[in-house]
Amino acid sequence: MEQNAKMIPNLDANLAFQIDYTANYNKSFRREFQSQFIDGCGTPDEFTILYALHLNPDISQSELAKILFKGKAHVGKILNDMEERGLIKRIADTRDNIIIKRNEITPKGEEVFVKGNIQFSKVRNKILEEYTQDELLQFIKYLTKYREILSTFVDVKLK
């Protein structure tokens with residue numbers, strides 16, 4: 001699969017292409033990995049939502065939309081579908097005197113999360129075998145710097 005990037009000459013040394021190619025590869029990997037190893041979540045976005053709720057139970061729908069690069073209404077549809085399937089429970093609540101729907105992982109959703117997290121841990125562990133902690137932190141620093149450079153040209157609004 002990795003051979004695909006070499007089909008077009010001069011792109012293997014093009015940073016923007018390599019970042020975009022890697023992002024697309026990662027999205028495809030997540031879809032395939034999830035379909036093969038994680039039952040219960042329909043999409044990688046659903047697993048990301050479970051992961052985010054696990055780490056931060058108070059995360060809002062707007063915050064979920066930002067991390068998923070999706071519109072708030074689209075995330076609302078995903079959350080409604082997840083609730084219908086029993087992965088989460090949506091509860092009316094208030095935050096700063098505003099009525100919101102708070103999302104809670106159900107026992108069924110927790111079971112899916114735990115199974116999925118075990119599978120993704122295998123990927124994380126393999127990455128940690130190949131890279132030192134310093135290399136990973138440096139890589140993240142490079143990606144952050146790359147986004148900062150791009151933002152000097154266009155201000156990307158997270159939905």
Side-chain angles (χ1 to χ4, degrees), residues 1-85 87-88 103 105 109-159:
M1 253 188 236
E2 184 58 31
Q3 300 282 343
N4 293 342
K6 304 232 184 247
M7 291 174 25
I8 302 172
N10 301 320
L11 286 182
D12 52 331
N14 182 300
L15 179 62
F17 172 79
Q18 288 297 333
I19 289 173
D20 197 40
Y21 184 81
T22 302
N24 289 329
Y25 183 91
N26 191 59
K27 286 178 189 174
S28 293
F29 170 82
R30 287 181 63 209
R31 277 192 305 271
E32 289 300 317
F33 187 85
Q34 182 156 333
S35 70
Q36 291 179 33
F37 298 106
I38 305 173
D39 293 330
C41 268
T43 67
D45 287 344
E46 290 180 358
F47 187 79
T48 300
I49 288 170
L50 289 177
Y51 198 82
L53 287 171
H54 185 79
L55 293 175
N56 180 6
D58 293 326
I59 192 167
S60 71
Q61 183 173 326
S62 296
E63 293 165 326
L64 287 169
K66 285 181 181 178
I67 64 172
L68 292 171
F69 273 78
K70 307 248 187 252
K72 186 177 171 186
H74 186 110
V75 171
K77 289 177 185 178
I78 296 170
L79 292 169
N80 288 337
D81 185 54
M82 290 175 73
E83 183 177 37
E84 286 176 20
R85 293 187 356 257
L87 298 174
I88 63 169
N103 305 294
I105 301 175
E110 187 66 27
E111 184 180 318
V112 169
F113 170 76
V114 168
K115 287 179 182 177
N117 198 38
I118 289 168
Q119 294 302 319
F120 274 112
S121 290
K122 294 174 185 176
V123 176
R124 278 191 299 271
N125 291 340
K126 181 65 176 168
I127 289 169
L128 291 173
E129 285 175 18
E130 299 293 324
Y131 293 98
T132 67
Q133 189 65 29
D134 286 342
E135 288 173 325
L136 290 173
L137 292 173
Q138 187 64 48
F139 187 55
I140 292 168
K141 185 176 176 181
Y142 288 147
L143 291 173
T144 302
K145 186 175 181 178
Y146 181 78
R147 288 190 305 270
E148 288 170 354
I149 292 167
L150 294 181
S151 72
T152 66
F153 294 96
V154 177
D155 185 21
V156 176
K157 301 266 189 272
L158 302 181
K159 295 181 179 187

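The first residue of the sequence shown is numbered 1, and numbering continues consecutively from there. Treat the numbers as computed from the prediction; the structure is a model and nothing was measured. Only this structure's heavy atoms are used, side chains among them; waters, hydrogens and symmetry mates stay out.
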Check: What do you reckon, is CG of Asp39 surrounded by more than 12 foreign heavy atoms closer than 6.0 Å?
Finding: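 For Asp39, atom CG is not crowded (no more than 12 foreign heavy atoms under 6.0 Å).
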A side-chain contact here means heavy atoms from C-beta on lying under 4.5 Å apart; do [X] and [Y] qualify?
{"X": "Ile49", "Y": "Asn103", "value": "no"}
{"X": "Asp12", "Y": "Phe17", "value": "no"}
{"X": "Asn117", "Y": "Arg124", "value": "yes"}

Check: Just by distance, with hydrogens left out, do Glu148 and Ser151 show a side-chain donor and acceptor under 3.5 Å apart?
Finding: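 Looking only at side-chain atoms, Ser151 and Glu148 do not form any donor-acceptor pair under 3.5 Å.
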Next item on the list: Classify the side-chain pair Thr43/Arg31 by whether it contains a donor and acceptor separated by less than 3.5 Å.
Entry: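 Short answer, no.
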Let me confirm one number: the [atom1]-[atom2] distance from [X] to [Y], rounded to the nearest 0.5 Å.
{"X": "Gln18", "Y": "Leu11", "atom1": "CD", "atom2": "CG", "result": "7.5 Å"}
{"X": "Leu150", "Y": "Lys145", "atom1": "CG", "atom2": "NZ", "result": "12.5 Å"}
{"X": "Ile78", "Y": "Lys70", "atom1": "CD1", "atom2": "NZ", "result": "6.0 Å"}
{"X": "Leu50", "Y": "Ile105", "atom1": "CG", "atom2": "CD1", "result": "5.5 Å"}
{"X": "Ile59", "Y": "Leu64", "atom1": "CD1", "atom2": "CG", "result": "4.5 Å"}
{"X": "Ser62", "Y": "Ile67", "atom1": "OG", "atom2": "CD1", "result": "12.0 Å"}

Next item on the list: Would you check, one step at a time, whether the test salt bridge (Lys or Arg N to Asp or Glu O under 4.0 Å) holds for Asp81 with Arg85?
Entry: CA-CA 6 Å; Asp81 185 54; Arg85 293 187 356 257; 2.7 Å; yes
Quick one: does any side-chain atom of [X] pair with a main-chain N or O of [Y] as donor and acceptor, under 3.5 Å?
{"X": "Gln34", "Y": "Cys41", "answer": "yes"}
{"X": "Glu63", "Y": "Ser60", "answer": "yes"}
{"X": "Glu135", "Y": "Thr132", "answer": "yes"}
{"X": "Gln61", "Y": "Lys72", "answer": "yes"}

Note to self: Run the side-chain contact (heavy atoms from CB on, under 4.5 Å) test against Glu111 and tell me which residues pass, sequence neighbours left out.
What the structure shows: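 For Glu111 the side-chain contact (heavy atoms from CB on, under 4.5 Å) partners, ignoring immediate neighbours, are Lys115.
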Notebook entry, point to check: Are Asp45 and Val75 close enough, and set up right, to give a side chain to side chain contact (heavy atoms under 4.5 Å, CB included), and what steps lead you there?
Noted result: CA-CA 9 Å; Asp45 287 344; Val75 171; over 6 Å; no
Next item on the list: Sequence neighbours left out, what pairs pass ring-ring contact (aromatic ring centres under 6.0 Å, His included) with at least one residue falling in residues 109-141?
Entry: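 Qualifying pairs: Phe33-Phe120, Phe47-Phe113, Phe47-Phe120, Tyr51-Phe113, His54-Phe113.
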